Amino acid sequence: MAQIPNYDHINVEKKWQKNWEDRGAFEVDNAPSEKTTYYILDMFPYPSGAGLHVGHPEGYTATDIVSRYMRMKDYEVLHPMGWDAFGLPAENYAIKTNVAPEKSTRGNIENFTGQIKSLGFSYDWTREIATCDPSYYRWTQWIFSLLYKNGLAYKKEAPVNWCDGCMTVLANEQVVDGACERCKNDVLQKNLSQWFFKITDFIEDYVDEKTGRTTTGLINGLDKIDWPESTKIAQRNWIGKSFGTEVDFEIEGSNQGITVYTTRVDTLFSGTFIVIAPEHPLVEKLTLEEHREEVRKYMENTQGKSEIQRTDLNKDKTGAFTGSYAINPVTNDRMPIWVADFVLVNYGTGIVFADAHDERDFEMAKKFNIPLKVSLRPKDDELWKQVENLEVCFHEEGILVNSEEFDGLISAEAREGITDRLIKEGKGRRTTNYRLRDWLISRQRYWGSPIPVVYDSNGNASIVKDDHLPLELPTDVDYKPKGTSPLGSSEEYVARAEELYGEGARFEIDTMDTFVCSSWYFWRFMDPKNEKLFAGSEALKKWGAVDLYVGGAEHTVMHLLYARFFCKVLHRFGYIDYDEPFLKLRHQGMILGEDGEKMSKSRGNVINPNEIVERHGADTLRMYEMFMGPFKDMKPWNMNGAAGIYRFVQKVWKLYSSVKGNGFATDDACENLRHKTIKKITEDTENFKFNTAISQMMVYVNELNANGATKKDMEALLLILGIYSPHISAEIWELLGFEKELGFLDEQPWPIYDAALCVDNEIEFAVQVNGKLRGTFMSAPNITKDEALKEARELENVSKFLNEGEVLKEIYVPGKLVNFVVR
RNA sequence: GCCGUUGUGGCGGAACUGGUAUACGCGCACGACUCAAAAUCGUGUUCCCUCGGGAAUAUGGGUUCGAUUCCCAUCAACGGCACCA
């Protein structure tokens with residue numbers, strides 16, 4: 001017998017990766033085709049200097065398995081990969097080393113590409129894109145223009161996080177516990193003129209006046225997509241729609257009033273004071289002369305604080321009295337108007353009415369000795385005594401008291417009644433409020449897409465002409481932060497502006513948030529080289545929305561909300577004919593270090609995928625990551641577990657060796673298991689239950705090693721294993737000579753199972769007495785109840801228990817069990 | 001505080017629609033091969049036990065002939081949001 005060499009994963013994997021690349025095995029074009037298309041997308045990575053870590057291939061393996069599966073099911077699959085290449089780390093690296101972000105990013109991309117390619121994923125690399133490429137961000141800028149021209153991109157003053165140490169604005173993510181993540185200085189609030197996208201315009205459904213076409217809003221759209229329920233809930237909470245009442249208050253000695261938004265109008269009768277946000281424009285007017293100094297001092301104090309400090313729940317309530325009074329519209333009580341920073345200017349109307357049934361209000365009243373009243377009583381009498389004596393704050397729903405005709409109603413009823421009365425008296429109305437604010441996209445950084453806006457010598461903004469796009473990043477900049485955007489230091493940028501737009505013209509020097517670039521990349525993959533459009537209509541029509549999107553749950557709100565927003569924008573303006581970009585979404589769970597902690601350099605528990613690929617091969621890495629546990633769960637790495645998968649790969653090779661040496665088995669001993677296995681892998685793969693699919697393959701391989709494999713067994717095994725471990729499967733497929741008659745493994749149809757052959761002709765029945773297992777017997781599954789009971793009674797261990805009492809009931813579950821109820 | 005997710009052997013985990021809990025893998029133990037070790041192969045492995053059985057799926061109840069699965073309460077861990085009126 002010829003000696004079969006040991007499995008050489010290093011060369012076999014290289015060989016097949018080259019084969020796929022040379023053949024263009026996974027490349028697809030945009031020409032219309034007979035096949036149904038399917039678009040499978042990974043969240044494209046940020047190419048960091050640290051390189052790939054084992055978390056990346058978890059999602060990539062899942063999409064690769066599904067991509068290969070769908071191709072075998074005869075779908076035309078678009079499965080691309082690219083780079084979310086703008087971002088702060090490259091810029092920080094540039095500040096430290098003066099290496100241009102462009103250069104370090106290109107290097108990182110090269111590194112990532114090599115690592116990803118070593119895992120044998122079936123990407124169409126001809127569609128690779130990078131968001132930092134001018135040919136890409138040209139279209140990011142085009143989308144900005146589209147929003148600008150339709151009044152959906154605007155500039156206004158907004159408070160931003162400011163670090164005096166770094167002399168720059170920071171993103172919220174860069175602020176850790178109220179301090180700069182880099183220099184640890186306290187972060188302050190500063191007002192700067194910033195660009196915003198009007199995402200709030202897309203919360204609700206929109207009907208186009210001319211065409212009558214509806215663009216589903218960000219809330220309702222969630223109902224029609226297959227996403228994890230928890231992600232949908234998080235998005236709804238983030239949007240934060242609430243129904244409430246606007247109440248108008250008169251100001252004593254003024255003909256101007258104020259309006260307050262509340263969801264708890266049932267507590268209006270206990271409203272004894274008003275609180276207004278420090279930034280509110282009315283503060284100035286409401287503050288009387290003798291209180292001006294006190295309020296001014298308070299404001300000064302507040303302005304020096306960051307939002308994080310201001311919203312620290314543990315801190316004491318602070319505030320200042322303006323001297324003005326409002327009139328409670330239902331009780332006519334005089335309500336002192338205070339300024340306090342726990343009220344946020346950008347939610348509701350920036351003013352609240354305060355009362356004893358809100359913890360913040362209660363706390364503030366106690367601190368400043370503001371009078372309180374109660375208007376809600378709890379069911380519990382003991383508690384009521386304390387509430388009535390203003391010892392504790394009762395903030396839940398209750399029964400109304402001291403509220404005139406509404407006494408005795410429960411909170412929900414009272415809200416309706418009180419609102420109706422306010423409406424009748426012209427003092428209020430029902431309204432809806434949202435927590436979601438417009439998206440601030442300006443960044444005072446270098447390494448992002450330039451904002452295509454130009455200012456004339458008077459500072460008037462206009463959009464950069466389409467002919468002048470892309471507005472490319474200048475390279476003659478000083479990366480060191482000085483308090484303004486790095487682009488401001490470029491002479492070349494000024495020269496270009498003046499050349500195109502006349503003397504004194506200046507381009508906007510802020511760049512866009514990188515989330516803008518990643519909000520539309522999935523369309524660019526469809527037609528990455530198009531120079532006339534972000535993607536051509538033929539490509540857009542062929543591929544449609546993303547059918548399957550896989551990525552981490554950390555993008556539950558930001559990225560996934562922004563991408564939905566862009567989709568709705570393009571739908572509203574007629575560029576695409578669907579208004580949800582991702583039809584099916586799945587999240588992978590995080591892979592933890594061997595110590596069960598999050599992987600981090602400082603902990604020293606980072607697993608490098610290169611190491612696994614060298615030691616055990618890409619097939620092992622792929623399979624192990626899928627076998628660790630449920631896809632969406634967090635799970636710790638275990639080197640021994642990976643070695644176990646390597647052993648499985650060896651067993652597959654051993655099976656091949658034995659077939660090569662002894663020939664195929666002639667007795668189809670595993671026919672039943674073969675069909676059951678195909679069935680289970682098919683179902684598990686479709687349901688993202690990759691861990692149990694692999695278990696089943698192990699069972700099958702173990703049985704084949706024990707009983708011998710027929711030709712049908714080997715074909716079936718390689719076809720199903722081929723989507724999980726494509727290299728070894730393709731190799732054995734070729735070595736067994738299957739390719740000559742059938743072509744390459746990855747060109748085969750997915751195997752089908754015969755449902756009739758999945759059924760066992762003899763199964764084990766369980767016999768219980770009072771629900772406790774007392775024995776089993778083997779029988780045909782279609783046995784009648786009487787036959788089953790007879791078999792069961794004859795078991796020695798069962799009859800013993802039956803004789804101990806009277807049999808009250810006999811239960812027979814076909815194909816499963818018999819249960820006797822004995823008293 | 002609010003929202004969400006999860007609790008099953010020594011470990012990762014499995015269990016269809018309420019029907020034999022612990023599949024598969026890891027680890028461990030013993031055995032085979034070997035001068036020996038590694039690798040490999042085989043056997044065993046939830047716990048207790050008087051070997052007949054008893055107990056166990058975070059805890060305490062409930063529904064049911066029967067509950068990891070359904071219901072109620074409690075506890076713990078993780079993740080997100082957080083002075084949102």
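Reckoned from all heavy atoms, side chains included, excluding hydrogens, waters and symmetry mates. In this text the structure is predicted, and so the values were computed from the model without any measurement.
Atom C1' of U68(B) sits at a distance of 7 Å from the matching atom of U8(B), rounded to the whole Å. The separation of U64(B) from G25(B), taken at their P atoms, amounts to 41 Å, rounded to a whole angstrom. Taking atom P on both nucleotides, C24(B) is separated from A15(B) by 13 Å, rounded to a whole Å. For the P atoms, the distance linking U5(B) with A73(B) amounts to 16 Å, nearest Å. Only the C1' atoms considered, G61(B) is 32 Å distant from G80(B), to the nearest whole Å. Between the P atoms of G13(B) and U6(B), the separation comes to 13 Å (whole Å). Using C1' as the reference atom, G66(B) and C30(B) are 39 Å apart when rounded to the nearest Å. A21(B) and A32(B) are spaced 36 Å apart, taking the P atom of each and rounding to whole Å.
In this structure, Asn770(A) atom CG and U64(B) atom P are separated by 15 Å, rounded to whole Å. Rounded to a whole Å, the CG atom of Asn237(A) is 18 Å from the P atom of G1(B). The nearest whole Å value for the distance from the CG atom in Leu560(A) to the C1' atom in G80(B) is 14 Å. Following rounding to the nearest Å, Glu764(A) (CD) and G19(B) (P) show an atom-to-atom distance of 17 Å. Going from atom CD of Gln696(A) over to atom C1' of G25(B) covers 14 Å, rounded to whole Å. Separating the CD1 atom of Ile258(A) from the C1' atom of A85(B) is a distance of 13 Å, rounded to the nearest angstrom. If you take CG of Leu621(A) and P of G25(B), they are 20 Å apart, rounded to a whole angstrom. Between the P atom of G80(B) and the NZ atom of Lys232(A) lies a distance of 22 Å, rounded to the nearest Å.
A salt bridge between Asp684(A) and Lys679(A) is absent, with no side-chain N of the basic residue lying under 4.0 Å from a carboxylate O of the acidic one. Salt-bridge check for Arg430(A) with Glu416(A): passed, with a basic side-chain N closer than 4.0 Å to an acidic carboxylate O. Between Asp355(A) and Arg264(A) there is no salt bridge, since no side-chain N of the basic residue sits under 4.0 Å from a carboxylate O of the acidic one. Taking a cutoff of 4.0 Å between a charged side-chain nitrogen and a carboxylate oxygen, Arg603(A) and Glu594(A) do not qualify as a salt bridge. Between Asp223(A) and Lys232(A) there is no salt bridge, since no side-chain nitrogen of the basic residue lies less than 4.0 Å from a carboxylate oxygen of the acidic one. Under a 4.0 Å N-O distance rule, the pair Arg615(A)/Glu611(A) qualifies as a salt bridge. A salt bridge links Asp266(A) and Arg415(A); the closest N-O separation between the charged side-chain nitrogens and carboxylate oxygens is under 4.0 Å.
Atom CE of Met558(A) is separated from atom CH2 of Trp238(A) by 6.0 Å, given to the nearest 0.5 angstrom.
Put simply, Asn702(A) has a side-chain N or O that comes within less than 4.0 Å of OP1 or OP2 on G25(B). Tyr261(A) has no side-chain polar atom (N or O) that falls below the 4.0 Å cut-off from OP1 or OP2 of A85(B). For the pair Arg647(A) and G27(B), the criterion of a side-chain N or O lying under 4.0 Å from OP1 or OP2 is met. Contact annotation: Arg236(A) does not reach the phosphate of G4(B) (side-chain N/O to OP1 or OP2, under 4.0 Å). Proximity of Asn640(A) to the phosphate of G27(B): a side-chain N or O atom is located under 4.0 Å from OP1 or OP2.
A heavy-atom distance below 4.5 Å is found between the side chains of Ile783(A) and Phe765(A).
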How does RNA chain B look in dot-bracket notation if pairs are Watson-Crick or G-U with both distances under 3.5 Å, crossing ones as [ ], other-strand ones as |? (((((((..(((......[....)))((((((.......))))))(((....)))..(((((..]....))))))))))))....

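At a cut-off of 3.5 angstrom, counting only N and O atoms as typed in the model, there is a donor on one side and an acceptor on the other between the side-chain of Arg437(A) and the base of C84(B).
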Contact string for nucleotides 9-15 of chain B, one letter per nucleotide 5' to 3', B = base within protein heavy-atom range under 4.0 Å, S = sugar-phosphate only, - = neither, reads ---BSSS

Which is it for Phe690(A) and Phe688(A) under the ring-ring contact (aromatic ring centres under 6.0 Å, His included) test, yes or no, and what are the steps along the way? CA-CA 6 Å; Phe690(A) 308 114; Phe688(A) 270 66; 5.1 Å; yes

Verify salt bridge (charged side-chain N to carboxylate O under 4.0 Å, His left out) between Glu764(A) and Lys816(A), making sure each step is shown before the conclusion. CA-CA 8 Å; Glu764(A) 193 181 31; Lys816(A) 288 261 185 306; over 6 Å; no

Could you go through the salt bridge (charged side-chain N to carboxylate O under 4.0 Å, His left out) check for Glu204(A) and Lys241(A) one step at a time? CA-CA 10 Å; Glu204(A) 301 293 351; Lys241(A) 183 175 186 174; 2.7 Å; yes

Could you go through the ring-ring contact (aromatic ring centres under 6.0 Å, His included) check for Trp439(A) and Phe196(A) one step at a time? CA-CA 5 Å; Trp439(A) 177 14; Phe196(A) 288 83; over 10 Å; no

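No contact: Gly240(A) has no heavy atom under 4.0 Å from any strand. Gln768(A) comes within contact range of at least one nucleobase, with a heavy-atom separation under 4.0 Å.
The aromatic ring centroids of Tyr753(A) and His675(A) lie 6.0 Å or more from each other. Between Phe273(A) and Trp338(A), the ring center distance fails the sub-6.0 Å criterion.
Of all nucleotides listed (C3(B), A21(B), A82(B)), A82(B) comes nearest to the side chain of Arg435(A). Residue Arg360(A) has its side chain nearest to C84(B) when only C65(B), C24(B), C84(B) are considered.
Judged by closest nucleotide on RNA chain B, Ala643(A) is the one of Ala643(A) and Asp361(A) placed further toward the 5' end. Nearer to the 5' terminus of RNA chain B, by closest-nucleotide assignment, is the contact made by Glu229(A) (compared with the other of Glu229(A) and Phe353(A)).
Within the structure, the salt bridge (Lys or Arg N to Asp or Glu O under 4.0 Å) test picks out no pair touching residues 766-785 of chain A (sequence neighbours left out).
Against the 90° criterion about 0, the sugar-base torsion of G9(B) places it in the syn range.
Residues from residues 812-823 of chain A placing a heavy atom under 4.0 Å of any atom in RNA chain B, listed by number, are Val813(A), Lys816(A), Leu817(A), Asn819(A), Val821(A).
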Give me the distances for all protein-to-nucleotides 51-58 of chain B N/O pairs that come in under 3.5 Å?
| residue | atom | partner | partner atom | Å |
| --- | --- | --- | --- | --- |
| G53(B) | OP1 | Asn797(A) | OD1 | 2.9 |
| G53(B) | OP1 | Asn797(A) | ND2 | 3.4 |
| G54(B) | OP1 | Arg774(A) | NH2 | 3.3 |
| G54(B) | OP2 | Arg774(A) | NH1 | 3.1 |

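Under the rule for a side-chain hydrogen bond (donor to acceptor under 3.5 Å, both in side chains), the partners of Thr682(A) that lie at least two apart in sequence or sit in another chain are Trp750(A).
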